[in-house]
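Both ligands and their constituent atoms are indexed starting at 1 by order of listing.
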Amino acid sequence: MEENVIQTSKEGSLLTIEINRPKSLNALNRAVLEGLQATFQELGGDAELRAVIITGAGEKAFVAGADIQSMSGLDEAGIRSYVELGQQVMRTIELCPVPVIAAVNGFALGGGLELALSCDIILASAKAKLGQPEVNLGIIPGFGGTQRLIYRCGVGTARRLCYTGDIISAEEGVQLGIIDQVFEPEVLLEQAKAMATTIASKGPLAVAGAKEVIRSAQDNLLTSGLSQEIEKFLELFQTADRKEGMTAFLEKRAAEFSGN
Ligand code: CO8
């Protein structure tokens, strides 16, 4: 049993959240999702808070996706509850009253990129790698990636990443508008804190107002798209291709899809 999969540290008006499962490349299992949900719910009571940073433990990954091991054997009710929890967490982050900065220190794949996309600003290390590789597993993104990618970088890039599963560099991520700024790995967190400190020095009501109004530009379309994503994800989860895709990953071999 892992302990402390969510580590938090508060410095003045800034909260840093670290996802701490480095041996599994910080994959989002239930404990991580529930820990994130609880942490963000508690923020509501902190009147001093001005910004949040989310990052991953270790040097290799921000988050390498939803936890394939824990999802692979789930029945219909189990997978529905998992995907709904994940979407709820991403939405809670999106609705957090203060800006949330993703400090992407390595792989941000699948649910990991979806987590970053639910944040207001995405800063990344020059070593970061991004992608939506769910098609390799016979599924689609389920934590909002099909929708939030469209708003962040346009429908063409959303299509390419979701259809090919391509893993792209931080540099390409900036060119495509997915990442806002790239830094050398050793200064990423420092730079994220510097940006958070700048935000904290501004009028808090104005920052919160800007966040609310910018988000509301896409809210109606986004929420209906998110529901459609869950239903399509669940349909695909029942296919033979999904079972083959996940079994192949766990057996460390290439999947052989049959289209069933
Ligand atoms: N889940 C569980 N374990 C993982 C995951 C993951 N997503 N990613 C990596 N790990 C584990 C590996 O199994 C390995 O464990 P072990 O040491 O016990 O064998 C350990 O982390 C280290 O990984 P690798 O040995 O594979 O490291 P490499 O450097 O060779 O490769 C990669 C790194 C390229 C990141 C590779 O690990 C990889 O491809 N990981 C999977 C990436 C992926 O497919 N992510 C998408 C997952 S699906 C998803 O996120 C859907 C989101 C919405 C779903 C809704 C759920 C209900």
*Asks:* Charged N to carboxylate O under 4.0 angstrom, Asp75 versus Arg80?
*Replies:* no

*Asks:* Could you check whether atom CD of Glu212 has more than 12 heavy atoms from other residues, nucleotides or ligands sitting under 6.0 Å from it?
*Replies:*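 It does not: Glu212 CD has 12 such atoms or fewer within range.
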
*Asks:* Take atom CD in Glu186; do more than 12 heavy atoms of anything else shown fall under 6.0 Å from it?
*Replies:*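 Yes, the 6.0 Å shell around CD holds more than 12 heavy atoms from other groups.
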
*Asks:* Evaluate whether atom CD of Gln7 has more than 12 neighbouring non-hydrogen atoms of other residues, nucleotides or ligands under 6.0 angstrom away.
*Replies:*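 Correct, the count exceeds 12.
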
*Asks:* Anything under 3.5 Å between an N or O on ligand 1 and a protein N or O? List each pair with its distance, or write none.
*Replies:*
from	atom 1	to	atom 2	distance (Å)
ligand 1	1 (N)	Ala66	O	3.4
ligand 1	1 (N)	Ile68	N	2.9
ligand 1	7 (N)	Ala64	O	3.2
ligand 1	7 (N)	Ala66	O	3.0
ligand 1	19 (O)	Lys252	NZ	2.8
ligand 1	21 (O)	Lys23	O	3.4
ligand 1	27 (O)	Lys60	NZ	3.3
ligand 1	29 (O)	Lys60	NZ	2.7
ligand 1	45 (N)	Ala64	O	2.9
ligand 1	50 (O)	Ala66	N	2.8
ligand 1	50 (O)	Gly111	N	2.8

*Asks:* So, are Lys211 and Glu94 salt-bridged, with charged N and O less than 4.0 Å apart?
*Replies:*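 Salt bridge flag = no for Glu94 with Lys211.
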
*Asks:* If the test is side-chain contact (heavy atoms from CB on, under 4.5 Å), which one of Thr55, Ile93, Ile53, Thr8 qualifies with Ile17?
*Replies:* Thr8

